[in-house]
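Worksheet: one structure, shown below.
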Amino acid sequence: MRWSHGAGRGGAGTVMSDHGLSVVIPVRGRVSQLRRLVDSLRVAIGECAEPVEVIVVDDSAAVDARLHRQTCATIDARYLTGPRRVGAKRNVGVRSASYDLVLFIDSDCLATPDLLRRHVATLRAQPDTVGAVAGPTYVQEAGTAVSRVMSRSRLLNSAFEWPGLARQVGWATTSNLAVRRCAFDAVGGFAERALTVVGGEDVDLGIRLTKAGYRIVCDPDAVVIHDKGSIESLGTVCRRLVNYGRSGQWLLRVHPDRGRPKLNRIGAVAVAALAGLAVTRVSRRGGALLLPAVVAALLARDARERLGDQGPSPRAVADALACSVVDWSFDLGEVIAACQLGRPGQLFTGFEWQDEAFVWERPPARPYGG
């Protein structure tokens with residue numbers, strides 16, 4: 001075998017220094033997706049020069065858990081039960097890891113054949129001040145009307161692709177991030193009590209790594225492929241965007257220095273509605289037009305940004321408008337979280353997702369979360 005499952009190499013909480021790569025996968029449900037990921041890892045392990053172990057941390061129901069154990073057995077992966085929150089699951093995996101390098105990948109992703117080899121080679125070639133290597137994550141083409149419309153979104157999957165556009169990032173999604181175990185331990189691992197079950201803990205980890213003096217460099221050829229299920233339906237897309245918005249408000253509480261003024265579209269619409277009611281009560285005319293005027297102006301501004309240089313064909317305009325409406329789910333998530341956290345005064349303060357730690361080859365057209 002070209003890989004090791006780590007048997008007999010120390011239990012949870014034991015810090016090991018052996019050279020090699022531990023792949024940590026949090027999962028809940030997703031039986032078929034995890035099986036496909038494991039199959040792809042089998043190929044990638046064969047291309048890696050160093051020993052590799054795979055650790056799956058699961059909190060599925062009994063039937064799915066049994067199937068996950070069967071999948072793990074096919075490549076001698078270690079199966080662990082863990083808590084509900086994804087950051088806590090990853091911490092469980094790292095505490096049980098045998099090797100000095102750790103790769104985080106999500107259960108609804110696929111490893112490309114060169115993924116493990118490239119992450120190991122890149123980290124080994126870098127000085128110790130480089131704490132992590134980020135690779136891009138590309139989402140499979142779904143071929144649905146929802147995926148076509150949301151291809152215009154700069155919120156939905158843009159952060160996945162940043163490592164393909166940058167030389168260095170301040171944080172990266174943990175769908176494709178390799179870290180030095182010593183750097184991970186030095187900053188205390190993932191936050192385990194984020195506002196949402198998943199979301200924001202990867203940003204927080206990256207920020208703490210950079211604040212501790214570590215750099216996160218990018219390898220555009222260390223590629224992960226994300227399952228298309230996350231963009232196939234309107235409900236799934238909206239839930240993801242709401243979750244991203246909620247995580248942004250949690251990050252703002254954890255990192256208050258990253259706050260910036262932001263026009264929250266949902267908040268602006270609510271203010272316009274209240275102002276319209278007030279005007280109507282005073283003058284009994286004119287107030288009813290304020291809300292639709294504000295909504296139309298905001299949608300027109302967002303749609304223009306999403307059209308870019310494309311000609312204003314009826315279909316392109318319709319898609320841009322639809323994408324703008326769906327992207328407002330992100331703002332809705334910010335409103336929900338601001339209320340949950342008892343911080344309504346920060347409704348028009350957004351989290352600064354990018355800073356000077358990002359060094360771009362090709363900068364994104366628009367700031368994330370804008």
Side-chain angles (χ1 to χ4, degrees), residues 87 104 122-123 126-137 153-180 183-184 186-191 194-196 198-220 222 240-241 243-265 305 327 330-331 333-334 337-338 341 343 345-370:
F104 300 109
T122 303
L123 268 173
Q126 296 291 333
D128 291 343
T129 52
V130 172
V133 173
T137 301
S153 174
R154 298 187 180 96
L155 292 169
L156 186 60
N157 294 318
S158 60
F160 281 164
E161 301 178 2
W162 285 349
L165 304 174
R167 294 194 298 274
Q168 177 180 304
V169 292
W171 61 270
T173 65
T174 38
S175 57
N176 187 5
L177 181 70
V179 301
R180 296 189 197 274
F184 182 89
V187 300
F190 288 100
L195 183 63
T196 52
V198 56
E201 75 284 338
D202 46 6
V203 185
D204 173 62
L205 176 72
I207 291 172
R208 286 187 285 112
L209 282 170
T210 56
K211 283 183 176 179
Y214 294 102
R215 291 188 298 126
I216 305 171
V217 301
C218 301
D219 184 344
R240 284 183 62 196
L241 289 172
N243 195 56
Y244 292 167
R246 292 177 67 201
S247 69
Q249 286 292 304
W250 172 74
L251 287 163
L252 189 59
R253 185 181 69 174
V254 176
H255 301 282
D257 57 307
R258 300 287 289 251
R260 63 173 177 83
K262 176 186 183 287
L263 175 62
N264 183 290
R265 279 75 58 97
E305 291 178 342
D327 271 352
F330 183 97
D331 296 59
E334 290 183 318
L341 295 169
R343 301 163 66 93
Q346 298 233 5
L347 185 55
F348 291 96
T349 303
F351 181 75
E352 185 64 65
W353 299 90
Q354 300 168 17
D355 63 4
E356 66 278 359
F358 286 78
V359 181
W360 298 100
E361 292 282 357
R362 293 172 289 151
R366 182 168 176 257
Y368 183 85

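Everything numeric in this text was worked out from a predicted model, so none of it was measured.
Here side-chain hydrogen bond (donor to acceptor under 3.5 Å, both in side chains) pairs that include residues 154-164, with residues two or more places apart or in two chains, are Asn157-Arg240.
Closest of all the heavy-atom pairs between Leu177 and Ala132 is CD1-CB, 4.0 Å. Between Gly189 and Leu205, the closest heavy-atom pair is O-CD1, 3.7 Å. Scanning both residues, Leu252 and Gly259, for their nearest heavy atoms gives CD1-CA, 3.3 Å. Residues Pro220 and Pro136 come closest through the heavy atom pair O-CG, 3.4 Å. Contact between Thr349 and Gln249 at its shortest, heavy atoms only, is O-NE2, 3.2 Å. Pairing each heavy atom of Trp360 with each of Ala166, the nearest pair is CE3-CB, 3.6 Å.
One distance of note links CD1 of Ile207 with CG of Asp257; it measures 8.0 Å at 0.5 Å rounding. Distance check: Phe330 CZ to Leu241 CG gives 8.0 Å after rounding to the nearest 0.5 Å. Annotation: the span from Leu156 atom CG to Tyr244 atom OH amounts to 6.0 Å, rounded to 0.5 Å. Annotation: the span from Trp171 atom CH2 to Leu251 atom CG amounts to 8.5 Å, rounded to 0.5 Å.
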* **Verdict with reasoning, Thr174 to Phe190, per side-chain contact (heavy atoms from CB on, under 4.5 Å)** => CA-CA 11 Å; Thr174 38; Phe190 288 100; 3.6 Å; yes

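Ring orientation note: the planes of Trp353 and Tyr368 are nearly perpendicular, at an angle over 60° on the 30°/60° scale. Ring geometry, Phe351 versus His255: the interplanar angle falls from 30° to 60°, so the pair is classed tilted.
Looking only at side-chain heavy atoms (C-beta outward), Thr196 and Trp250 stay at 4.5 Å or farther from each other. Between Pro364 and Gln354 the shortest side-chain heavy-atom distance falls below 4.5 Å.
A donor-acceptor distance shorter than 3.5 angstrom exists from the side chain of Asn176 to the backbone of Ala222, with no hydrogens or angles considered. Within the 3.5 Å criterion, the main-chain N or O of Val198 finds a donor-acceptor partner in the side chain of Asn243. Put simply, the side chain of Arg362 gets close to the backbone of Gly164: a donor and an acceptor are under 3.5 Å apart. Under a 3.5 Å cut-off, the side chain of Arg246 and the backbone N or O of Ala337 do not form any donor-acceptor pair.
By the side chain to side chain donor-acceptor pair (under 3.5 Å) test, Gln168 pairs with Arg215, sequence neighbours left out. Glu201 meets the side chain to side chain donor-acceptor pair (under 3.5 Å) test with Arg90; sequence neighbours excluded.
A salt bridge links Asp331 to Lys262: one of the charged nitrogens lies within less than 4.0 Å of a carboxylate oxygen.
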